[in-house]
S.K.: 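Right, I'll just put the structure down here and ask away after.
Counting convention: from 1, in listed order, for ligands and their atoms alike.
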Amino acid sequence: MSKGTRDRKNIYVSPEEMARQQRFIDEIKELNYRKEVKTGKKKLYCLNTFGCQMNEHDSEKLAGMLAEMGYAETDNVNESDLVIYNTCCVRENAELKVYGHLGMLKPLKNQKPDLVIAVCGCMMQQPEVVEHIKKTYSHVDLIFGTHNLYKFPELLYSAMDSQTTVVDVWDCDGQIAENVAIERKDGVKAWVTVMYGCNNFCTYCIVPYVRGRERSRSMDDILEEVRMLGRQGFKEITLLGQNVNSYGKDIGDGTSFAELIREVNKIPGIERIRFTTSHPKDLSDDLIYAMRDCEKVCEHLHLPFQAGSTRILKLMNRKYTKEDYINLVAKIKENIPDIALTTDIIVGFPGETEEDFSDTLDILEKIRFDNAYTFLYSKRTGTPAAKMEDQVPEEVKKERFQRLLETQNRISKEINDTFLGKVVEVLVEGVSKTNDKIFTGRTRGNKVVNFEADASLIGKLVNVRINTVKTWSLEGSIVR
Ligand code: 5AD
Ligand code: SF4
């Protein structure tokens, strides 16, 4: 038998429990059907997702279960029968937005008492958040967390029938639930989770507290899912995890992310493979060689460096130095010369001096990322950094942030300029939101390209000659 099989005890939700959830799905479907016959209208849900791709993918699972229950989707909150917020707590901003939305729903709930309001996801894993919602937003019907997403059918069934807020949040790590229905929004690109949780405890980050320890899916389950996606006509797969490079370590039989990638590369129908996120300390030579050798793995790597100063990196508990990072990128570029690099950067971590910040700018200049996701440090209760002295004043953070953006925007534009006149391979994803003759897709390096095409090309690889360059995207025409 191959490695990475599904024989670890207690790590999976049992088939009996999944069957029990299916019965709740069927019950709700029956109720919804009866209501539909009476009113002539399908029941509608409005699902709002905050945060990262993991959350987006969790929302695809919620949507999958809701479709099985006979709900249809709407983006109009006023006409919905069920409103769900799948929340993020990585930065304070995302949390404030959710509270704003919940406050605005109160009049609607008064008008429509049958409306069910549910909140789930990372924010709910913090007990003080749950208390605050119960106290301040008592019109919320259902609160659940990240570890029991698969239990949504049962919880929704209880909430539909309850006068008080149903709360079910687990503080232990959730088991892996296989075979949850997934409603993928996109027909060309698909996310596939390879692992849940994170063991790194970067001192600024709340994720390990709300997503739990690392738990890898079995390689057999992942490969089976990708094979099915290949048969269904999906062309691009993004393997997801908080730290995909440590995939398999908890399985303990030598299963590794590099090996997984080599196996995914063999699957028919899939033309492109991406993955996110990678931690520099865990990116092995083996993975670099797998990226180099596997023709379907795109020449793009998202490799957050967070801060340039070795002193700050130590305070962040990142376990690499500025030099380690630069050397790692040199090794990657040696093996994959045309790799496009993107990164995450935090500005204003506690104690960050102007000199520390200049190391961040220095890394930008030295590495020349194609794109960077930049964040103002946000204090997260319960993390070690929240208790550190020397919190950087907001105005200093903002001023540094501005300089960071200007530097990165200039570099992104300079890199994009090198594409002028070149022909690039683009996977056609869909029509642009503003003009139905303009289609959009991405290069292997993950650059957005807009061009004239027709719907028959969606899901196909085309060659596009670039004739206009912007900071965030490229424009061109198809070369036949
Ligand atoms: N403040 C600001 N940014 C943060 N990130 C994680 N935690 C925080 C925080 N407390 C950023 C990191 C991470 C990305 C997903 O979010 O850069 O890579
Ligand atoms: Fe957070 Fe660090 Fe884990 Fe990423 S690696 S999720 S930043 S603790």
Side-chain angles (χ1 to χ4, degrees), residues 49-58 87-97 121-123 125-126 129 146 173 193-216 238 240-247 249-250 257 275-283 301-309 312-320 325 328 341-352 357 360 363-364 369 371-388 391-392 394 396-398 400-401 404-405 408:
T49 309
F50 297 83
C52 65
Q53 290 162 333
M54 286 293 244
N55 258 21
E56 292 283 349
H57 188 44
D58 278 349
T87 63
C88 167
C89 60
V90 167
R91 285 170 296 274
E92 193 185 11
N93 272 356
E95 293 198 341
L96 296 178
K97 275 190 208 152
C122 295
M123 248 174 105
Q125 291 296 138
Q126 306 168 95
V129 168
T146 57
D173 291 356
T193 306
V194 302
M195 62 183 302
Y196 300 88
C198 178
N199 288 357
N200 287 319
F201 290 95
C202 301
T203 54
Y204 50 82
C205 186
I206 195 141
V207 168
Y209 305 90
V210 298
R211 288 271 178 185
R213 296 296 71 70
E214 291 174 356
R215 287 148 286 150
S216 300
T238 301
L240 282 185
Q242 246 80 41
N243 178 18
V244 288
N245 307 132
S246 52
Y247 169 75
K249 285 186 186 162
D250 56 316
F257 189 58
F275 53 87
T276 198
T277 285
S278 292
H279 193 305
K281 80 172 165 57
D282 295 316
L283 198 129
L301 183 64
H302 184 65
L303 193 63
F305 76 86
Q306 311 295 4
S309 146
I312 296 291
L313 287 169
K314 193 157 185 356
L315 288 172
M316 287 177 160
N317 191 31
R318 292 289 290 178
K319 302 199 167 75
Y320 53 86
Y325 188 88
L328 175 63
L341 290 164
T342 55
T343 197
D344 290 346
I345 307 167
I346 297 177
V347 180
F349 183 82
E352 184 189 74
F357 178 63
T360 294
I363 290 213
L364 279 198
F369 295 96
N371 199 355
Y373 300 88
T374 49
F375 306 105
L376 290 168
Y377 168 72
S378 170
K379 200 171 170 175
R380 305 286 60 215
T381 309
T383 61
K387 292 192 216 86
M388 288 181 187
Q391 298 283 328
V392 178
E394 272 321 289
V396 176
K397 280 192 221 169
K398 285 190 180 143
R400 286 182 191 158
F401 186 79
L404 189 70
L405 269 190
Q408 182 54 44

S.K.: Out of Thr343, Ile346, Thr374, whose heavy atom sits nearest atom 4 (C) of ligand 1?
M.R.: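 Of the listed residues, Ile346 has the closest heavy atom.
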S.K.: Cys89 versus Val129: any side-chain heavy-atom pair under 4.5 Å?
M.R.: no
S.K.: Is the ring pair Phe369/Tyr325 parallel, tilted or perpendicular, if the boundaries are 30 and 60 degrees?
M.R.: tilted
S.K.: Quick test of your reading of the model: are Lys249 and Asp282 salt-bridged, counting only N-O distances below 4.0 Å?
M.R.: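 Yes.
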S.K.: With rounding to the nearest 0.5 Å, note down the distance linking CG in Asn55 to OG1 in Thr146.
M.R.: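 These two atoms lie 9.0 Å from each other.
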S.K.: For Arg91, is there an ion pair with Asp344 - N to carboxylate O distance below 4.0 angstrom?
M.R.: no
S.K.: Does some non-hydrogen atom of Leu376 fall short of 4.0 Å from ligand 1?
M.R.: yes
S.K.: Please check whether Tyr377 reaches ligand 1 - meaning an N/O of the residue sits under 3.5 Å from an N/O of the ligand, judged on distance alone.
M.R.: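 No.
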S.K.: Could you list the atoms of ligand 1 found under 4.0 angstrom from a heavy atom of Arg91?
M.R.: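 This gives 1 (N), 2 (C), 3 (N), 4 (C), 5 (N), 11 (C), 16 (O) as the contact atoms.
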S.K.: Using side-chain contact (heavy atoms from CB on, under 4.5 Å) as the criterion, list what pairs up with Val90, not counting sequence neighbours.
M.R.: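 For Val90, the residues satisfying side-chain contact (heavy atoms from CB on, under 4.5 Å) (neighbours in sequence not counted) are Cys88, Val207.
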S.K.: Just checking Lys281: does its NZ atom have more than 12 heavy atoms from other residues, nucleotides or ligands closer to it than 6.0 angstrom?
M.R.: yes
S.K.: Check each atom of ligand 1 against the heavy atoms of Arg380 and keep those under 4.0 Å away; list them by number with element.
M.R.: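 This gives 10 (N) as the contact atoms.
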S.K.: Among all protein heavy atoms, pick the one closest to atom 6 (C) of ligand 1 and tell me residue, atom and distance.
M.R.: Val90 CG1, 3.3 Å
S.K.: Would a 4.5 Å heavy-atom cut-off, applied to side chains only, mark Thr374 and Gln408 as touching?
M.R.: no
S.K.: Measuring from atom 3 (Fe) of ligand 2, count protein N/O/S atoms under 2.8 Å, please.
M.R.: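 Under the 2.8 Å cut-off, the count stands at 1.
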S.K.: Identify, by atom number and element, the atoms of ligand 2 in contact range of Tyr204, meaning under 4.0 Å from any of its heavy atoms.
M.R.: 7 (S)
S.K.: What protein heavy atom sits nearest atom 10 (N) of ligand 1, and how far off is it?
M.R.: Ser378 O, 2.8 Å
S.K.: Quick check on contacts: which atoms of ligand 1 are under 4.0 angstrom from a heavy atom of Gln306?
M.R.: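 Selected atoms, number and element: 12 (C), 13 (C), 17 (O), 18 (O).
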S.K.: Considering only heavy atoms, does Tyr204 approach ligand 1 within less than 4.0 Å through its side chain, its backbone, both, or neither?
M.R.: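 It is both parts that get close, each with some atom under 4.0 Å.
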S.K.: Determine the interplanar angle of the Phe275 and Phe257 rings, folded into 0 to 90°, and report it as parallel if under 30°, tilted if 30 to 60°, perpendicular if over 60°.
M.R.: perpendicular
S.K.: Side chains of Gln306 and Tyr204: is there a donor and an acceptor less than 3.5 Å apart?
M.R.: yes
S.K.: When you look for heavy atoms under 4.0 Å from ligand 2, do you find them on the side chain of Arg318, its backbone, both, or neither?
M.R.: side chain
S.K.: Which residue and atom name correspond to the protein heavy atom nearest atom 14 (C) of ligand 1, and how close is it?
M.R.: Asp344 OD2, 3.5 Å
S.K.: Check whether more than 12 heavy atoms from other residues, nucleotides or ligands sit under 6.0 Å from atom CD of Glu92, and answer yes or no.
M.R.: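 No - once you tally the heavy atoms of other residues, nucleotides and ligands closer than 6.0 Å, there are 12 at most.
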S.K.: Do the rings of Phe201 and Tyr209 sit parallel, tilted or perpendicular, given the 30° and 60° boundaries?
M.R.: perpendicular
